Novice: 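What follows is a structure written as structure tokens; I'll ask about it next.
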Amino acid sequence: MSTFSHLTREKVMECLKRVNEPVLNENIISLGLVHEIEVDKARVFLHMENASSDPGVRNELTEKIKSVLGEAGASHVEIHFSGKPKCGMGGQEAEPLSGVKHVIAVSSGKGGVGKSTAAVNLALALKKLGARTGLMDGDIYGPNIPIMLGIPSDRRTEPGGSGKILPIEAHGIRAVSIGFFANPEQPMIWRGPLLHKTVQEFLHRVEWGELDFLVVDLPPGTGDVQLSLAQWVRVSGAVIVTTPQEVALADVRRAINMFRQLEIPVLGVVENMTGPVFGRGGGERVAKDFQVPFLGDIPLDAEIRECGDAGVPIVAATAGSGTSERFIKIAEAIRQAFYKNDNPSKTRS
Ligand SMILES: Nc1ncnc2c1ncn2[C@@H]1O[C@H](COP(=O)(O)OP(=O)(O)O)[C@@H](O)[C@H]1O
Ligand SMILES: [Mg+2]
């Protein structure tokens with residue numbers, strides 16, 4: 001074979017970039033699953049991390065790797081998987097965030113369903129219930145949190161005492177967003193490793209202090225930020241936001257499956273924009289299908305948008321209004337889930 005003599009570490013790396021982890025559907029190099037590559041003429045030795053507890057997944061991965069390397073001219077491929085199976089990419093195995101009792105991911109299958117609106121209002125609702133709350137804007141492609149919290153676009157974070165970054169405080173919660181670091185007019189182009197590092201910095205280099213909840217507003221879908229979050233920190237649970245329509249629901253199913261794969265408990269589904277325009281009931285249906293709690297619905301209500309645009313989210317703007325009460329009820333259900341989970345017989349070791 002002509003490629004036979006050209007097998008190098010770089011070439012192997014290039015080949016492995018074309019191999020996707022079957023469940024997460026992301027290449028094994030970006031996922032950081034390949035720890036060591038050794039090439040001895042046409043023989044390749046790989047040291048890999050055990051990403052899944054499922055032997056079927058591992059076999060499939062092994063087959064794919066052997067096949068791409070075989071095509072590139074490898075005569076022999078040996079793969080060592082190490083570490084105990086991680087049961088997903090992080091969840092169980094990742095360390096808790098120091099000082100923070102619960103990291104809660106707010107996620108959705110697609111964009112524009114009101115995920116950031118829900119994340120901000122739920123964070124404020126948790127705060128109203130007496131919890132110390134932080135909000136991390138994990139949507140580093142399109143950060144919305146600064147506007148929603150009314151933080152001026154030129155406001156920047158400041159260093160804290162210990163060389164860490166201080167979050168910016170607004171409406172009684174501490175927040176961090178890429179919008180506090182970058183010019184909002186400039187598009188942000190992310191390369192995998194930089195993105196992964198940014199998520200790490202937001203978690204571990206920010207002085208969050210003592211928090212009961214750190215709410216993370218994730219970008220839509222099942223991408224890099226979700227995986228990075230699960231790798232860097234133990235996530236206590238995920239809240240899935242959807243609109244009532246079927247189009248959004250197919251994506252919701254994917255999102256729920258991703259969290260299951262990552263071994264992050266799904267706390268439940270919130271249906272947003274319920275009412276005559278988009279209908280109602282889809283969120284409850286999908287929750288039932290997946291046997292996760294339905295946390296409640298939030299009506300399509302112009303005031304929610306106006307409040308978001310004005311930088312005073314509805315929960316902060318109007319006490320006792322029907323809509324803010326709904327957010328508070330959902331926050332109560334989330335908090336309640338942890339009282340149950342804080343029962344020693346249920347906590348993860
Ligand atoms: N229940 C609602 N009623 C009216 N407008 C809403 C509602 N939820 C969200 N919005 C508006 O819809 C737009 C998209 O919401 P956003 O939270 O940014 O979505 P996502 O984060 O999912 O992309 C925003 O302008 C927001 O103010
Ligand atoms: Mg958003």
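Since we're looking at a predicted model, the values are computed, not measured. Along the sequence shown, residues carry numbers from 1. Start at 1 and go down the list; that is how both ligands and their atoms are numbered.
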Novice: Verify salt bridge (Lys or Arg N to Asp or Glu O under 4.0 Å) between Lys288 and Glu284, making sure each step is shown before the conclusion.
Specialist: CA-CA 6 Å; Lys288 215 167 149 198; Glu284 193 164 4; over 6 Å; no
Novice: Describe, in one word, how the ring planes of Trp232 and His204 are oriented to each other, choosing from parallel (under 30°), tilted (30 to 60°) and perpendicular (over 60°).
Specialist: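 Rings of Trp232 and His204: perpendicular, as their planes differ by over 60°.
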Novice: Counting only nitrogen or oxygen atoms and a 3.5 angstrom limit, does Asp309 reach ligand 1?
Specialist: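 Not met; the criterion fails.
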Novice: Tell me, please: is Gly114 in heavy-atom contact with ligand 1, that is, under 4.0 Å?
Specialist: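 Per 4.0 Å heavy-atom rule, Gly114 contacts ligand 1.
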Novice: When you look for heavy atoms under 4.0 Å from ligand 1, do you find them on the side chain of Glu306, its backbone, both, or neither?
Specialist: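 Neither; nothing of Glu306 gets under 4.0 Å from ligand 1.
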Novice: One residue to check: Pro299. Relative to ligand 1, which of side chain, backbone, both or neither has a non-hydrogen atom less than 4.0 Å away?
Specialist: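 Within the 4.0 Å criterion, Pro299 contacts ligand 1 through backbone atoms alone.
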Novice: Is the closest side-chain donor-acceptor distance between Thr62 and Asn59 under 3.5 Å?
Specialist: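 There is no such pair (donor and acceptor under 3.5 Å, judged by atom type) between the side chains of Thr62 and Asn59.
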Novice: Atom 13 (C) of ligand 1: which protein heavy atom is closest, and how many Å away?
Specialist: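 Nearest neighbour among protein heavy atoms for atom 13 (C) of ligand 1, to 0.1 Å: Met273 CE, 4.7 Å.
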Novice: For atom 4 (C) of ligand 1, is the nearest protein heavy atom closer than 4.0 Å?
Specialist: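 Yes.
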Novice: Between Leu300 and ligand 1, find which residue part has any heavy-atom pair under 4.0 Å and reply side chain, backbone, both or neither.
Specialist: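 Both backbone and side chain.
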Novice: Backbone or side chain, does any N or O of Gly111 fall under 3.5 Å from an N or O of ligand 1?
Specialist: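 N/O-N/O distance below 3.5 Å does not exist for this pair.
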Novice: Among all protein heavy atoms in this structure, tell me which lies nearest to atom 22 (O) of ligand 1, with the distance rounded to 0.1 Å.
Specialist: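 The answer is Lys115 N, 2.8 Å.
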Novice: Would you check if the side chain of Asn20 reaches a backbone N or O of Asn27 as a donor-acceptor pair within less than 3.5 Å?
Specialist: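 Answer holds: yes.
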Novice: Could you verify whether a donor N or O on one side chain and an acceptor N or O on the other, from Glu271 and Thr274, lie under 3.5 Å apart?
Specialist: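 Yes, side-chain donor-acceptor contact under 3.5 Å.
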Novice: When the aromatic ring centroids of Phe180 and Phe202 are compared, is their separation below 6.0 Å?
Specialist: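 When the ring centroids of Phe180 and Phe202 are compared, they turn out to be at least 6.0 Å apart.
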Novice: Decide, counting backbone as well as side-chain atoms, whether Ser116 has an N, O or S atom less than 2.8 Å from the Mg ion (ligand 2).
Specialist: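 Checking Ser116: at least one N, O or S atom is under 2.8 Å.
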Novice: Would you say Ser116 and ligand 1 have an N/O pair spaced under 3.5 Å apart?
Specialist: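 In this structure, Ser116 places an N or O atom under 3.5 Å from an N or O of ligand 1.
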Novice: I'd like to check whether Ala302 has a polar contact with ligand 1, where a contact means an N/O of the residue lying under 3.5 Å from an N/O of the ligand.
Specialist: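 For ligand 1, there is no N or O atom that lies under 3.5 Å from one belonging to Ala302.
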Novice: Would Asp301 count as being in polar contact with ligand 1, using the rule that some N or O on each side must be under 3.5 angstrom apart?
Specialist: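 Yes; the residue has a nitrogen or oxygen that sits under 3.5 Å from a nitrogen or oxygen of the ligand.
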Novice: What protein heavy atom is closest to atom 14 (C) of ligand 1, reported as residue, atom name and distance in Å?
Specialist: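 The closest one turns out to be Gly112 O, 4.2 Å.
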Novice: Please compare Ile314, Ile304, Asp217 and report which has the shortest non-hydrogen distance to atom 7 (C) of ligand 1.
Specialist: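 Nearest option to atom 7 (C) of ligand 1, by heavy atoms: Ile304.
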Novice: Has ligand 1 got any nitrogen or oxygen that is less than 3.5 angstrom from a nitrogen or oxygen of Ser108?
Specialist: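 Looking only at distances, the answer is no, because the N/O contact criterion of under 3.5 Å is not met.
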Novice: Would you check the N or O atoms of Ala118, main chain and side chain alike, for any that come under 3.5 Å of an N or O of ligand 1?
Specialist: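 So ligand 1 has no N or O lying under 3.5 Å from an N or O of Ala118.
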